[in-house]
J.: 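The structure that follows is given in the form of structure tokens.
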Amino acid sequence: MAKSAESGVQVSFRNVGKDFGSVRALDPISLDIRSGEFLTLLGPSGSGKTTLLNIAAGFLSPDTGQVLLGERDVTHVPPRDRNIGMVFQNYALFPNLNVGENVAYGLKVRKYPKAQVEALVTKALNMVQLGGYAGRAIQQLSGGQQQRVALARAMVIQPDVLLMDEPLGALDRQLRKHVQLEIRRLHLAAPRTTISVTHDQEEAMVMSDRVAIMSQGRIEQIGTPHELYATPKNTFVARFLGESNILPVFVLGEKDGQISFTIDGSDGVWSASAGNTSVTGAASLLVRPERLQIAERGQPGLAGRVAEVVYLGELTARRVTLDCGKELWMRSMSASPADVGDRIEVRWRGADARVLSS
Amino acid sequence: MVHTLRQTSGTTLTSRENWGTLFLILPALVFIASWFLIPLGQLFALSLSSEAGPLASYAELIGSSVFRRVFVNTMVLACIVTIICVVLAYPTAYLLTKLRGFWFSVALYCVLVPFWISVLVRTFSWMLLLERNGPINSFLMYSGITTSPINMLFNNFSVYLGMVHVLLPYAIFPMYSSMLRVDNRLLQASEGLGARGTTTFLRVYLPLTMPGVLAGGAFVLLLALGFYITPTLLGGLQNLTAAMLIDNFVNERLVWPLAAAASFILLGLVLGILALASKFLSLGSLVGMR
């Protein structure tokens, strides 16, 4: 495990910028991907994530900056000489070749001896659980199987970097969950430097070591899925990753990392942990739905009325309309009794909520 | 109950729609039957109506070495024209897929405009251009490349030139449409896997555009087999084709059963090639559908 991690190559973007005509696709971005790391670029469409991936692959050349694979500056190296493995959005399998020939393509181009090609193709197909499918036509495969052939074809050439463009975008939801875990397992078994692009937050959280959240050609925040979920830097990241309740607040002051603030339209002074180093004046309070609790008698809470109850199996979601007019979603174990129309008070623990500059 | 009712009326509607469809294509059916199928049947009857017996015309044609040579000539001519067309059309079609905006329109009209001009007009134009005292010979002599005029007319050269000129668009368009269907990401995938341009072309692009090449080639071959005006006007005596022979039977020798029999042999040949072609590609792709 450690060995293949060492032999993987680190990818560095240094001030990589790109414009399409008058549209700025990428503000100059600097980003390092560690050896053996699985990094996901997560963002809405038009955020620049695919542009960055295509620059890594060499299908686009940046207007400014450099791309490094390991020690090698590949900014002006064509894709064929970069030793990358690419999984395309719709797989881009060659329809005129069968499964085995598709996987063998990169090896044949590299002039591997025939026996070795066969052995490696068999091994790669076994790895993605498609042993015995070598002779099948691409058109005979299901979407999930095509996805795995694309993965085998990209990985069989032992690329320095694996690049994936919306690798699960064309799969249905059930299959997507399965393949996410499958890709995660393959990655953990043999870590290979990987950059994946997606707009699906769940996919990013399940598969990645680190996630970079992108918006409008910039990286908003980069970190482990847990870091991003628990300590988002701003409301964009908070909204993009997971469910969130965001309330406008006014900051009064800070003490020991706890910020005290008032909530617009309601009485009382509340507190939460500091999301940014310096938040003053108007700001936003972030509380995740699962961190909201119904206040016990005697505990301070925000008063409101249950407006909607959604049964989700092990959890129940409730929409609460606060007396100040704002709405909050809360999720809790199904046992709690509050029903539609009931008056309740909601609260949170100081460490479970964060104040972000808005 | 309501559902059942709706379903029942739905099926009635469908069968009524079938009758409607039939009614709509009826004029076309009547037209094809009365102007194509019935005359074809009459022609076939004519081919069997020789005084020497029903199959005498066929026997005479197949037994005649002259006729056989004319047919071989026609086949060779059609094949060579097809090969030249395919070779010229492929890069032209590729260029069309790469051009955008103004230059695309220019290139497209360069292919289309000749296509719209009558074959007769274009063939006569070639006669004027290629003449002994025509502009091309004048230019060649003026520029000192040759001292005496070159014979460019009434030989293989002028026939190939004229036929390729007329038939080239028939090869270009099927290729163009098959090239448009090639997903650019397949080429990226090939390059990403380490393939050079030539490898990508030979292993991905060419195989994927092969249906267009076959369709275009089949089009040109079938049309070239029945070509009449161009080889008649631009060719010499050695360029006798099957169509010219049939014309000779009809207009000079007045042996109509023989002409009819020759027509059916040519038709049989064309249908044979069509059948062969349809083994490799669907007939729909011949006309650019999928």
Side-chain angles (χ1 to χ4, degrees), chain A residues 50 53-60 74 77-98 101-112 117 121 124 138 146 149-166 169-170 195, chain B residues 86 90 93-94 97-104 174-218 277-286 288-290:
Chain A
T50 306
L53 190 80
N54 279 326
I55 286 172
F59 297 132
L60 281 177
V74 296
V77 173
R80 63 168 180 269
D81 296 327
R82 291 193 183 192
N83 199 32
I84 47 165
M86 179 106 181
V87 177
F88 289 82
Q89 188 166 6
N90 291 312
Y91 320 133
L93 297 173
F94 306 122
N96 54 315
L97 305 178
N98 66 25
E101 289 166 338
N102 261 281
V103 178
Y105 194 91
L107 300 171
K108 283 186 182 158
V109 165
R110 285 170 174 70
K111 306 250 187 298
Y112 276 50
V117 170
V121 167
I138 296 302
Q146 292 190 12
V149 175
L151 200 61
R153 183 178 71 174
M155 285 170 77
V156 75
I157 58 172
Q158 297 294 325
D160 291 332
V161 190
L162 185 62
L163 304 174
M164 305 202 280
D165 184 9
E166 302 270 4
I195 306 177
Chain B
V86 166
Y90 199 84
Y94 182 73
T97 64
K98 289 293 150 196
L99 293 176
R100 290 284 173 272
F102 174 73
W103 290 111
F104 172 74
M175 291 185 194
Y176 174 66
S177 82
S178 75
M179 285 173 183
L180 281 187
R181 277 189 228 123
V182 176
D183 185 348
N184 193 42
R185 274 175 305 197
L186 294 176
L187 310 180
Q188 287 190 341
S190 172
E191 205 198 342
L193 287 165
R196 317 213 143 256
T198 42
T199 314
T200 302
F201 176 75
L202 290 175
R203 298 221 39 206
V204 181
Y205 199 76
L206 188 61
L208 288 179
T209 52
M210 216 35 165
V213 173
L214 289 176
S278 67
K279 270 199 161 179
F280 297 102
L281 62 153
S282 71
L283 278 180
S285 72
L286 259 176
M289 298 188 309
R290 202 164 201 192

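Worth knowing before you read on, the calculation uses all heavy atoms, side chains too, and leaves out hydrogens, waters and symmetry mates. Convention: sequence-line order gives letters A, B, ...; per-chain numbering from 1.
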J.: Taking all heavy atoms of Ala92(A) and all of Ala189(B), pick out the closest pair and write down the distance.
T.: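 Closest approach of Ala92(A) to Ala189(B): O-CB, 3.9 Å.
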
J.: Show the pairs of one donor and one acceptor atom, one from chain B and one from chain A, lying under 3.5 Å apart.
T.:
| unit_1 | atom_1 | unit_2 | atom_2 | d |
| --- | --- | --- | --- | --- |
| Ser190(B) | OG | Tyr105(A) | OH | 2.7 |
| Glu191(B) | O | Arg80(A) | N | 3.4 |
| Leu193(B) | O | Arg110(A) | NH1 | 2.6 |
| Arg203(B) | O | Asn96(A) | ND2 | 3.0 |

J.: So which part of Ile84(A) gets closer than 4.5 Å to some heavy atom of chain B, the side chain, the backbone, both or neither?
T.: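 Both the backbone and the side chain of Ile84(A) come within 4.5 Å of chain B.
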
J.: Sort Phe94(A) into side chain, backbone, both or neither according to what part of it lies under 4.5 angstrom from a heavy atom of chain B.
T.: both

J.: Need one label for Leu93(A): side chain, backbone, both or neither, based on atoms under 4.5 Å from any heavy atom in chain B.
T.: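 Answer is backbone: N, CA, C or O of Leu93(A) sit under 4.5 Å from chain B.
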
J.: Identify, with sequence neighbours excluded, every residue that meets side chain to side chain contact (heavy atoms under 4.5 Å, CB included) alongside Ala154(A).
T.: Val87(A), Leu162(A)

J.: Where is the tightest heavy-atom contact between Pro95(A) and Leu186(B), given as atom of each residue plus distance?
T.: CD-CD1, 3.7 Å

